[in-house]
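Step one of this worksheet: look at the structure below.
Note on naming: letters A, B, ... go to the chains in the order of the sequence lines (proteins, then strands), and numbering restarts at 1 for each one.
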There are 2 protein chains.
Amino acid sequence: MMLSSSEIESLDDIIQRNKSIEKGDKVYSVGEKFTHIYAIRSGFLKSYCISESGEEQITGFHLAGEIVGLEGINTGVYLGFAEALETSQICAIPYEKLDKLNSSIDGLRQQLFKIMSQEITHNHELMLMLNQKNADEKIATFLLNLSAREALGKGLNLKFVLPMTRTDMANYLGLALETVSRIVGKLVKKEIISIDHKMVTIKQLDILSELAGASCHFSHPGEQNKLA
Amino acid sequence: MMLSSSEIESLDDIIQRNKSIEKGDKVYSVGEKFTHIYAIRSGFLKSYCISESGEEQITGFHLAGEIVGLEGINTGVYLGFAEALETSQICAIPYEKLDKLNSSIDGLRQQLFKIMSQEITHNHELMLMLNQKNADEKIATFLLNLSAREALGKGLNLKFVLPMTRTDMANYLGLALETVSRIVGKLVKKEIISIDHKMVTIKQLDILSELAGASCHFSHPGEQNKLA
DNA sequence: CGGGCGCTTGAACAGGGTCAACATCCGTGG
DNA sequence: CCACGGATGTTGACCCTGTTCAAGCGCCCG
């Protein structure tokens, strides 16, 4: 699923390459006019929204190769925040131009449809996790998922970075932060994983996979949808 | 957000109008080659997937005006099932042709992007609900959401149909079916709603809204995205 | 140095799950 | 027309998982 070189040239004309943002910086905020979608070149972002009662709900963690901002297409307004968890490089892609370009670049449009479809699928897997898994399974699933994504489709990284706080993990997984802390502690104590600062090492993949249990997923690994 | 009449004519050429399906019939099944997306003209569907351990996870309920099957775009294979909860009329739209048509019909393409974006947003709201709401809030939110959707963007229906079983509701909301039954019973006993067979009447909207509590939602009501 | 944030750990509590029994509805066939 | 069986829904009692509350530790950075 590659773009032709002429397609890439057209892309070059419109995207704003490698804008750098620091930890804590926001890519966009809720209520802002929707203008761009953003491809992550390197680093780590979280996206979240704020409920009426002021609580934060993390809707996703995003790393290199992924796209954020798609939820703004519908209303023309960003419906949440995207914020860097560490220094990151992002590409700003003006949706207006992308939309015009779309007609001429079939590959690009198809790619964008695939990315959105992929996000919908991912959300379905998330529902399964939030609804049917207990705390241990959630944590195990989360770690394996992160490991696979940091490996960029090349299987699993047995050693990878956990850039978010326990609070963020808890919020995303629908658990109390104490629960996350306890379970991660338990996994370390059982030597299923080990943690050094933000580095996680999976020491017993089989057991962790066992713990993760059921998943809906049916996606073809290896084939990652990217946009730039 | 209307299509021009020429656009509609082009659509007429490719869609298969008003195919009728009965309760329990499947529109598509997991693993089948992705060929069409489906617009619901009337009736009620549920979509769901099956986890490795064989458990069903309902990923959405869909009624007139909504689209199902989008999650197949990414892999070229349907990743779940869509099944009628009652006799329904659906339009089958061949994605292949729609994709070609896309180039010539800007409005249509934009519409499709909006619909997918809307679905992503909806999933984010769902996460908030599953993660942060307790059982009472989930039920209240679910009822209000259904009421609004059956009213097709014209505010709320105070009287509407609840076509799915308690088991389906429970599965979708991540609760035990006994819990759903208890809470619905409680709402009836407190005369906040009343139920006659499958008909629900909201008798005290203010209290039900209060119960539903926080939501992320930021969507413009009134403006519903449709495709046919 | 000190204060805040992130993280861990313990103890008590409760929301909702599980198990079990029973009621109700409905289609089917005798 | 009624009797049966299966699916659906209700209700009660008990108990477990994960939350809540509370205290304390380590670390970074001003």
* Scan A/Lys189 against the nucleic acid and name what it touches under 4.0 Å (heavy atoms): base, sugar-phosphate only, or nothing. => nothing
- SB check A/Lys46 A/Glu56 (cutoff 4.0 Å): yes
Between NZ of B/Lys23 and P of D/dT8 the distance, given in whole Å, is 8 Å
To the nearest angstrom, the CE-P distance between A/Met169 and C/dC7 comes to 10 Å
Base, sugar-phosphate or nothing for B/Leu177? Non-hydrogen atoms, less than 4.0 Å.
base
Check your understanding: Do B/Leu126 and B/Asn123 have side-chain heavy atoms sitting under 4.5 Å apart?
Key -> yes
Atom CG of B/Leu175 and atom C1' of D/dG18 are separated, to the nearest Å, by 15 Å
A/Asn134 has its side chain closest, among D/dG18, D/dG9, C/dT9, to D/dG18
note: B/Ile139, atom CD1; D/dG9, atom C1'; distance rounded to Å ~ 14 Å
Is any side-chain nitrogen or oxygen of B/Thr165 closer than 4.0 Å to OP1 or OP2 of D/dT8? no
| task | Over 60° means perpendicular and under 30° means parallel, so classify the ring planes of B/Tyr95 and A/Phe113, tilted if in between. | result | perpendicular
Nearest heavy-atom contact between A/Leu128 and B/Gln57 is CD1-CB, 3.5 Å
To the nearest angstrom, the CG-C1' distance between A/Asn171 and C/dG6 comes to 15 Å
Between A/Glu178 and A/Asp136, whichever has its closest DNA chain D nucleotide further toward 5' is A/Asp136
TODO: Could you check whether B/Ala135 gets within reach of a base, just the sugar-phosphate, or nothing at all, counting any heavy atom under 4.0 Å?
DONE: sugar-phosphate
Here the distance between atom C1' of C/dC7 and atom CG of A/Leu162, to the nearest Å, is 13 Å
Side-chain contact check for B/Ser181: nearest option of C/dG16, D/dT19, D/dT10 is D/dT10
| message | C/dT8, OP1 or OP2 - any side-chain N/O from A/Arg166 closer than 4.0 Å? | response | yes
A/Ile183 CD1 to C/dC7 C1', in whole Å, measures 15 Å
* Would you check if there is a donor-acceptor pair between the side chains of B/Ser117 and A/Glu71 at a distance under 3.5 Å? => no
Of C/dT9, D/dG18, C/dG16, the nucleotide closest to the side chain of A/Arg182 is C/dT9
Would you indicate, yes or no, if D/dG9 has its OP1 or OP2 atom less than 4.0 angstrom from a side-chain nitrogen or oxygen of B/Lys198?
yes
Item to complete: Identify whether any heavy atom of B/Lys186 sits under 4.0 Å from a base atom; if not, whether one sits that close to sugar-phosphate; answer base, sugar-phosphate or nothing.
Response: nothing
In whole angstroms, the gap separating P of D/dT8 from CE of B/Met164 amounts to 14 Å
